Asker: 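One structure, pasted below without further comment.
For this chain, numbers begin at 1 and follow the sequence in order. Since we're looking at a predicted model, the values are computed, not measured.
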Amino acid sequence: MNTLIDVAVADGHFKTLAKALTAAGLIDTLKGAGPFTVFAPTDDAFAKLPAGTVDSLLKDIPKLTAILKYHVLAGKVAAADVMKLDGKTATTLNGADLKISTTGGVKLNGLVNVSKTDIAASNGLIHCVDTVLMPPA
């Protein structure tokens, strides 16, 4: 089975994410043993950001890295496990917490919808999200 990176690239909906992970030097991390759970923003999610945001982030590697690590949990957290976390938080690789709600579908921080779940990789799982998560300042 392929790694998280291989699966995301093959999917075709994560071109911007792959470009950002490459720029931030996180490809090797997400090809590592893990396991990891990635709340992966689709290309459409990145397209929702204000014009020029992606280009400016690709030039600000510390900020880009913090944002990308905010989308990753250590461990393998399947959709069924996420459903048990209603009203709780999960700590991301950047150290900040994501608030999880399962009322009317899974939402992160009350705004970001999880649209597709449990995309399996050899070193974890991918859950698609419709908006790029921004860590607390």
Asker: Among Thr117, Leu125, Ile100, Asp118, which one satisfies side chain to side chain contact (heavy atoms under 4.5 Å, CB included) with Val82?
Answerer: Ile100

Asker: Please determine whether residues Leu21 and Leu49 belong to a single hydrophobic cluster, defined as Ile, Leu, Val, Met, Phe, Trp and Tyr linked transitively by side-chain heavy-atom distances below 4.5 Å.
Answerer: yes

Asker: Cluster question for you: counting only ILVMFWY and a side-chain heavy-atom cut-off of under 4.5 Å, with indirect links fine, are Leu30 and Ile126 together?
Answerer: yes

Asker: Listed by chain and number, what are the side chain to side chain contact (heavy atoms under 4.5 Å, CB included) partners of Thr29, not counting sequence neighbours?
Answerer: Leu26, Phe36

Asker: Will you find, in the side chains of Asp97 and Tyr70, an N or O donor that is under 3.5 Å from an N or O acceptor?
Answerer: no

Asker: Scan for ring-ring contact (aromatic ring centres under 6.0 Å, His included) pairs involving residues 118-137, sequence neighbours excluded, and state none if there are none.
Answerer: Phe39-His127

Asker: With a 4.5 Å limit on heavy-atom distance, are the side chains of Thr131 and Pro41 in contact?
Answerer: no

Asker: What's the spacing between Asp55 CG and Asp60 CG if we round to 0.5 Å?
Answerer: 13.0 Å

Asker: With rounding to the nearest 0.5 Å, note down the distance linking NZ in Lys31 to CG in Asp6.
Answerer: 5.0 Å

Asker: How close do Leu73 and Ala90 get, counting heavy atoms only, and between which atoms?
Answerer: CD2-CB, 3.9 Å

Asker: Is there a side-chain contact between Met134 and Val132, using heavy atoms and a 4.5 Å cut-off?
Answerer: yes

Asker: Kindly work out whether a path of hydrophobic side-chain contacts (I/L/V/M/F/W/Y, heavy atoms less than 4.5 Å apart) joins Phe46 to Leu111.
Answerer: no

Asker: Using the test salt bridge (Lys or Arg N to Asp or Glu O under 4.0 Å), find all partners of Asp130 that sit at least two apart in sequence or belong to another chain.
Answerer: Lys48

Asker: Would you sort out whether Asn123 and Thr3 count as a side-chain hydrogen bond (donor to acceptor under 3.5 Å, both in side chains), showing the intermediate values?
Answerer: CA-CA 6 Å; Asn123 60 342; Thr3 67; 5.0 Å; no

Asker: Does the side chain to side chain contact (heavy atoms under 4.5 Å, CB included) test come out yes or no for Leu108 and Val114, once each step is laid out?
Answerer: CA-CA 8 Å; Leu108 305 174; Val114 178; 4.2 Å; yes

Asker: With rounding to the nearest 0.5 angstrom, report the OG1 to NZ distance, Thr102 to Lys84.
Answerer: 12.0 Å

Asker: Give the minimum heavy-atom separation between Ile67 and Pro135, together with the two atoms involved.
Answerer: CG1-CD, 3.7 Å

Asker: Under 3.5 Å, is there a donor-acceptor pair between the side chain of Ser122 and the main chain of Asn2?
Answerer: yes

Asker: Give me the atom names and distance for the closest heavy-atom approach of Leu58 to Ala23.
Answerer: CD2-CB, 3.8 Å

Asker: What's the shortest heavy-atom distance between Leu57 and Leu64, and which atoms?
Answerer: O-CB, 3.4 Å

Asker: Could you report the tightest heavy-atom contact between Cys128 and Thr42, atom names first, then the distance?
Answerer: CB-CG2, 4.3 Å

Asker: Give, for atom NE2 of His13 and atom OG of Ser115, the distance between the pair rounded to the nearest 0.5 Å.
Answerer: 9.5 Å

Asker: Where is the tightest heavy-atom contact between Val72 and Leu68, given as atom of each residue plus distance?
Answerer: CG2-O, 3.7 Å

Asker: Looking just at side-chain N and O atoms, do Lys99 and Asn109 make a donor-acceptor pair shorter than 3.5 Å?
Answerer: no

Asker: Dump the intermediate steps for side chain to side chain contact (heavy atoms under 4.5 Å, CB included) on Lys107 and Val112, then the final yes or no.
Answerer: CA-CA 5 Å; Lys107 287 194 184 336; Val112 177; over 6 Å; no

Asker: Would you say Thr92 and Asn94 are linked by a side-chain donor-acceptor pair, where the criterion is simply a distance under 3.5 Å?
Answerer: yes

Asker: If two hydrophobic side chains count as joined below 4.5 Å and joins carry through other members, does Leu17 share a cluster with Val129?
Answerer: no

Asker: Taking the side chain as C-beta and beyond, is there a heavy-atom pair between Leu133 and Leu98 under 4.5 Å?
Answerer: yes

